[in-house]
Amino acid sequence: MGLVTTTEMFKKAYEGGYAIGAFNVNNMEIVQGITEAAKEVNAPLILQVSSGARKYANHTYLMKLVEAAIIETGLPIALHLDHGDTFELCKSCIDGGFSSVMIDGSHHSFEDNMALTKQVVDYAHERGVVVEGELGQLAGVEDDVNVSDEDAKYTDPAQVEEFVSKTGVDSLAIAIGTSHGAFKFKGEPKLRFDILEKIEERLPNFPIVLHGASSVIPKYVDLINAYGGDMPGAQGVPEEMLRRAASMAVCKINIDSDLRLAMTGTIREYFALNPSHFDPRQYLAPARAAIKELVKDKIVNVLGCNDKA
Ligand code: G3H
Ligand code: 13P
Ligand code: ZN
């Protein structure tokens, strides 16, 4: 089996009231940790690559790592461009073998977002690739774009039908209060489930995507803080809220920061306990194992996509 698209995954997830995990990948250990976890619990997977990841690791290396993971696990795996911001970037990923792309036109006007998204959809669909669009803006940092909390804009449910029907997108990322990174809420975590309900009513059976969905697991933030880090106020989306979203129209839940925290916390601890070790395999192996444990827990206890491959 080669790469799959998300079409079948999302159909089953919508009907089954669960979500597929979309995990960001940047190197071999991250790909291995995620895919070994999914294999153990028989879960379908979306592995996603940001433009920053593509610059860091190179398109071909990431492609080949994911192909290797398919051979090793036999799982249905989609390879997705995360936050594509131009037609050219999406085209390059489509031409280079990705099975899914996101065109994030959320920083443009509604009309310009629709025009750009439709251009990508037309190109992608002719080549059997699926497209995620975005309406509304998350707070936080995406690559070099910084959106302050005050500028975050919730998705307007009144716009979703027109956006989906005119562009032909296969899934839609929405803004209901999550944000990227490790500092998601200043006070009490709050998500606008009322907006999600309205979107769900207007787009029956249509897969919704939740970005900025790391829970910022305290265990790993504590490790970072215990070994020289300084992350006061780090806070993520409570797992209970993610379970609720997964039981609704949300079929894809994006997780990156939790992987970064698990990897970094584990490596910081490793060096604190083994200050003179210098073989990268010695500290990358426990980091990979931490990612595996984290992803298994997400799949089984939060997303509910175990045994759905
Ligand atoms: O939404 C952003 C993802 O966490 C990717 O982050 O652009 O730093 O690779 P990155
Ligand atoms: P987190 O920063 O919450 O992991 O979100 C990742 C994401 O949305 C990638 O597109
Ligand atoms: Zn995102």
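All ligand and atom numbering here is 1-based and tracks the order in the structure.
- Leu135 is not listed as a side-chain neighbour of Asp156, based on a closest heavy-atom distance of 4.5 Å or more.
- Under the 6.0 Å distance and 45° angle rule, Arg192 counts as a cation-pi partner of Tyr154.
- With a heavy-atom cut-off of 4.0 Å, Arg54 does not touch ligand 1 at all.
- Of all the atoms in ligand 1, the ones that sit under 4.0 Å from a non-hydrogen atom of Asn24 are 3 (C), 5 (C).
- For ligand 2, the atoms lying closer than 4.0 Å to a non-hydrogen atom of Gly212 are 1 (P), 3 (O), 5 (O), 7 (C), 8 (O).
- Under the 4.5 Å side-chain heavy-atom criterion for grouping Ile, Leu, Val, Met, Phe, Trp and Tyr, Leu172 is not connected to Ile20 through any hydrophobic cluster.
- Side chain to side chain, His108 and Asn113 fail the donor-acceptor criterion of an N or O pair below 3.5 Å.
- Each of the atoms 9 (C) of ligand 2 lies under 4.0 Å from some heavy atom of Asn24.
- Distances below 4.0 Å separate heavy atoms of Ile255 from the following atoms of ligand 2: 4 (O).
- With ligand atoms numbered from 1 in the order given, ligand 2 contributes 10 (O) to contacts under 4.0 Å with heavy atoms of His83.
- The closest approach of His211 to the Zn ion (ligand 3), by N/O/S atoms, is made by ND1.
- Ligand 2 places these atoms under 4.0 Å from at least one heavy atom of His211: 8 (O), 10 (O).
- Counting heavy atoms closer than 4.0 Å to ligand 2, residue Asp82 contributes side-chain atoms (C-beta onward) but none from N, CA, C or O.
- With rounding to the nearest 0.5 Å, the separation of CG in Leu47 from CG in Asp82 is 11.5 Å.
- Side-chain contact of Arg260 with Ser214: a donor-acceptor pair under 3.5 Å is absent, judged by distance alone.
- Judged purely by distance below 3.5 Å, without hydrogens or angles, the side chains of Asp170 and His125 pair a donor atom with an acceptor atom.
- Nearest non-hydrogen protein atom to atom 2 (O) of ligand 2 is Ser257 OG, 2.7 Å.
- Residue Met102 places every heavy atom at 4.0 Å or more from ligand 1.
- Computed with the Zn ion (ligand 3) at the centre, the His180 NE2 to His83 NE2 angle is 100°, stated to 10 degrees.
- Within the listing of ligand 1, atoms 5 (C), 7 (O), 9 (O), 10 (P) sit less than 4.0 angstrom from a heavy atom of Ser50.
- The pair Lys252-Glu132 counts as a salt bridge, with a side-chain nitrogen and a carboxylate oxygen less than 4.0 angstrom apart.
- At a threshold of 4.5 Å between non-hydrogen side-chain atoms, the residues Asp258 and Lys298 count as touching.
- With a 4.0 Å cut-off on non-hydrogen atoms, Leu138 does not touch ligand 2 at all.
- Both Leu81 and Ile77 belong to a single network of hydrophobic side chains, linked directly or stepwise wherever heavy atoms of I, L, V, M, F, W or Y lie under 4.5 Å apart.
- Contacts between Asp82 and ligand 1 below 4.0 angstrom, taking non-hydrogen atoms only, involve the side chain exclusively.
- In terms of protein heavy atoms, atom 3 (O) of ligand 2 is closest to Lys184 NZ, 2.5 Å.
- Closest to atom 7 (C) of ligand 2 among all protein heavy atoms lies His180 CD2, 3.4 Å.
- Following chains of ILVMFWY side-chain contacts shorter than 4.5 Å, one can reach Val250 starting from Ile299, so the two form part of one hydrophobic cluster.
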key: CA sep, side-chain torsions, deciding dist, call: Arg243, Glu240, salt bridge (Lys or Arg N to Asp or Glu O under 4.0 Å)   = CA-CA 5 Å; Arg243 282 186 207 104; Glu240 197 42 53; 2.8 Å; yes
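- Within the 4.0 Å heavy-atom criterion, neither part of Ala22 lies near ligand 2.
- The shortest N or O to N or O distance between Asp256 and ligand 1 is under 3.5 Å.
- Contacts between His83 and ligand 1 below 4.0 angstrom, taking non-hydrogen atoms only, involve the side chain exclusively.
- Here the straight-line distance linking atom CG of Asn26 with atom CD of Gln48 works out to 10.5 Å at 0.5 Å rounding.
- Those atoms of ligand 1 with a heavy atom of His180 less than 4.0 angstrom away are 1 (O), 2 (C).
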